[in-house]
Amino acid sequence: QKEVEQDPGPLSVPEGAIVSLNCTYSNSAFQYFMWYRQYSRKGPELLMYTYSSGNKEDGRFTAQVDKSSKYISLFIRDSQPSDSATYLCAMSETSGSRLTFGEGTQLTVNP
Amino acid sequence: GAGVSQTPSNKVTEKGKYVELRCDPISGHTALYWYRQSLGQGPEFLIYFQGTGAADDSGLPNDRFFAVRPEGSVSTLKIQRTERGDSAVYLCASSSNPGLAGVEQFFGPGTRLTVL
């Protein structure tokens with residue numbers, strides 16, 4: 001079983017929809033949680049970074065971490081066609097250590 | 001440029017050949033990471049350098065894979081006796097001060113390796 005599980009999708013939504021992306025994990029030592037966005041043939045770019053449990057909001061993006069359930073989420077409000085990409089969750093045990101990624105969810109936002 | 005750069009962008013080789021993949025991190029970044037991303041999968045950790053030394057090489061799949069960072073800047077990932085299963089995108093990332101919470105790993109565009 002993988003340490004991090006993520007539904008690969010694909011997920012297709014109309015423009016303006018609220019998108020919910022999720023990951024579960026099994027390693028209780030993970031303390032740092034991230035969401036990366038990856039466009040086709042590009043490297044991942046960091047969207048959100050959260051330490052331990054709680055919520056973090058940045059513009060249209062909200063990240064939630066529930067360590068008791070080993071479950072993290074990313075919400076995208078008012079989704080735009082430019083949000084179409086693969087979204088990867090990633091986790092690490094300590095700051096700066098190796099990242100363990102989910103499989104990625106492919107999102108398409110239709111105009 | 002200001003970002004992480006990787007060369008070549010694409011590499012096609014034959015089974016059994018030796019390849020070298022290069023990563024130029026962001027200037028001043030002390031930490032450098034290599035990941036491998038197979039089609040439809042998330043990146044998989046290979047090795048992490050802090051300065052010139054490998055702080056964590058537990059992700060290297062076998063002894064055909066080796067990486068160096070002799071001057072604490074540019075790094076080279078070396079793969080001997082390539083196999084078709086080595087075909088993937090090899091990603092490099094760097095960060096400025098990995099011990100600080102919230103410090104981001106910046107990724108390069110990757111090298112797409114195809115082993116025929």
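So that the names make sense, note that chain A is the first sequence line, chain B the second, and so on, each numbered from 1.
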Region of A/Gln38 in contact with chain B, defined by heavy-atom distances below 4.5 Å: side chain
Heavy-atom proximity to chain B below 4.5 Å, by part of A/Leu99: both
Pairwise side-chain contact, B/Ser58 with A/Arg98, heavy-atom cut-off 4.5 Å (strictly under): yes
Per-residue contact mode, A/Pro8 against chain B (heavy atom under 4.5 angstrom): neither
Option among A/Tyr71, A/Phe33, A/Tyr32 that satisfies the ring-ring contact (aromatic ring centres under 6.0 Å, His included) test with A/Tyr25: A/Phe33
Parallel, tilted or perpendicular, as decided by the 30° and 60° cut-offs, for the rings of B/Phe106 and B/His29: tilted
Beyond-backbone contact of B/Trp34 with B/Glu44, side-chain heavy atoms, under 4.5 angstrom: no
Among B/Gly110, B/Pro43, B/Pro109, residue most engaged with chain A (heavy-atom pairs, under 4.5 Å): B/Pro43
